[in-house]
There are 2 protein chains.
Amino acid sequence: MKNRVKITRMDLAITQEQLAKSVGATRQTIGLIEKGEYNPSLHLCMAIARELGKTLDELFWEVE
Amino acid sequence: MKNRVKITRMDLAITQEQLAKSVGATRQTIGLIEKGEYNPSLHLCMAIARELGKTLDELFWEVE
DNA sequence: TCTGTTTGCAATATATATCTTACATATGTA
DNA sequence: TACATATGTAAGATATATATTGCAAACAGA
């Protein structure tokens, strides 16, 4: 898994569609971001982070 | 200023062109990101952050 | 003055994120 | 069984990030 969107979303017990609507995106976009197959925009990443109560680093930053 | 890319880059005394080349982007793209007029991709944001020795939150996160 | 460096800005072209629509599958529940 | 919900996936259309090229301005140094 390349990011922590899916885990965090499931912890909050909300669906892909609920998250999508709250950030102004579609369910498909959320699904692809969770799979790590997308390179989402910064604005969308920030909207998702705020909605999930996390920061950019907590959801997307990778330490090596 | 919407993000801290320009300040951080100038602290490191590197040019837009040097940063652009090291992250595989163009000078124009870096310039527009610094002005906050762009919505860059997550991958580019991470490349810039790594190159500047910062994290996503340090460069792009906004607390309100 | 002249020259090189850095940055801003603009027009056009290209790549790709995102949307729209649709169908399939798995799961839970009546 | 039947129905609803949640998710995966795919094709085509649209929006926009990014590249390319070029020109201009500001500045420093010779």
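Chain letters run A, B, ... following the sequence lines, proteins first, then strands; residues in each count from 1.
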Interatomic distance, [X] [atom1] vs [N] [atom2] [rounded to whole Å]:
X	N	atom1	atom2	value
B:Met10	D:dC27	CE	P	13 Å
A:Asn39	D:dT16	CG	C1'	13 Å
A:Gln16	D:dG8	CD	C1'	8 Å
A:His43	D:dA15	NE2	P	18 Å
B:Glu34	C:dT6	CD	P	14 Å
A:Leu19	D:dA6	CG	P	13 Å
B:Gln18	C:dT5	CD	P	12 Å

Next on the checklist: Using the rule given for side-chain contact (heavy atoms from CB on, under 4.5 Å), can you reason through B:Gln18 versus B:Arg9, listing the C-alpha separation, both sets of side-chain angles and the distance that settles it, and then say yes or no?
Outcome noted: CA-CA 10 Å; B:Gln18 288 172 324; B:Arg9 177 181 60 79; over 6 Å; no

Next on the checklist: Heavy-atom nearest nucleotide on DNA chain C for B:Ser41 versus B:Ile14: which residue maps closer to 5'?
Outcome noted: B:Ile14

Next on the checklist: Heavy-atom nearest nucleotide on DNA chain C for A:Leu32 versus B:Glu17: which residue maps closer to 5'?
Outcome noted: B:Glu17

Next on the checklist: Students often get this wrong, so: under 4.0 angstrom with heavy atoms, is A:Leu44 touching a base, only sugar-phosphate, or nothing?
Outcome noted: sugar-phosphate

Checklist entry - According to a strict under-4.0 Å criterion, is B:Lys6 in side-chain N/O contact with OP1 or OP2 of C:dG8? => result yes

Checklist entry - Is any side-chain N or O of B:Thr29 closer than 4.0 Å to OP1 or OP2 of D:dA19? => result yes

Next on the checklist: Tell me which one of A:Asn3, A:Ile48, A:Ile33 satisfies side-chain contact (heavy atoms from CB on, under 4.5 Å) with A:Pro40.
Outcome noted: A:Ile33

Side chain to side chain, [X] and [Y], heavy atoms closer than 4.5 Å:
X	Y	value
A:Cys45	A:Leu56	yes
B:Leu52	B:Asp11	no
B:Arg50	A:Trp61	yes

Checklist entry - Can A:Val5 be reached from A:Ile14 by stepping across I, L, V, M, F, W or Y side chains whose heavy atoms are under 4.5 Å apart? => result yes

Checklist entry - Choosing from C:dA17, D:dT7, D:dT20, which nucleotide comes nearest the side chain of A:Arg9? => result D:dT7

Might you list the N or O atoms of the protein lying below 3.5 Å from N or O atoms in nucleotides 9-12 of chain C, with each pair's distance?
residue, atom, partner, partner atom, Å
C:dC9, OP2, B:Lys35, NZ, 2.8
C:dC9, N4, B:Gln28, NE2, 3.3

Next on the checklist: Pair B:Leu44, B:Thr29 - check side-chain contact (heavy atoms from CB on, under 4.5 Å), show working.
Outcome noted: CA-CA 10 Å; B:Leu44 182 52; B:Thr29 298; 3.8 Å; yes

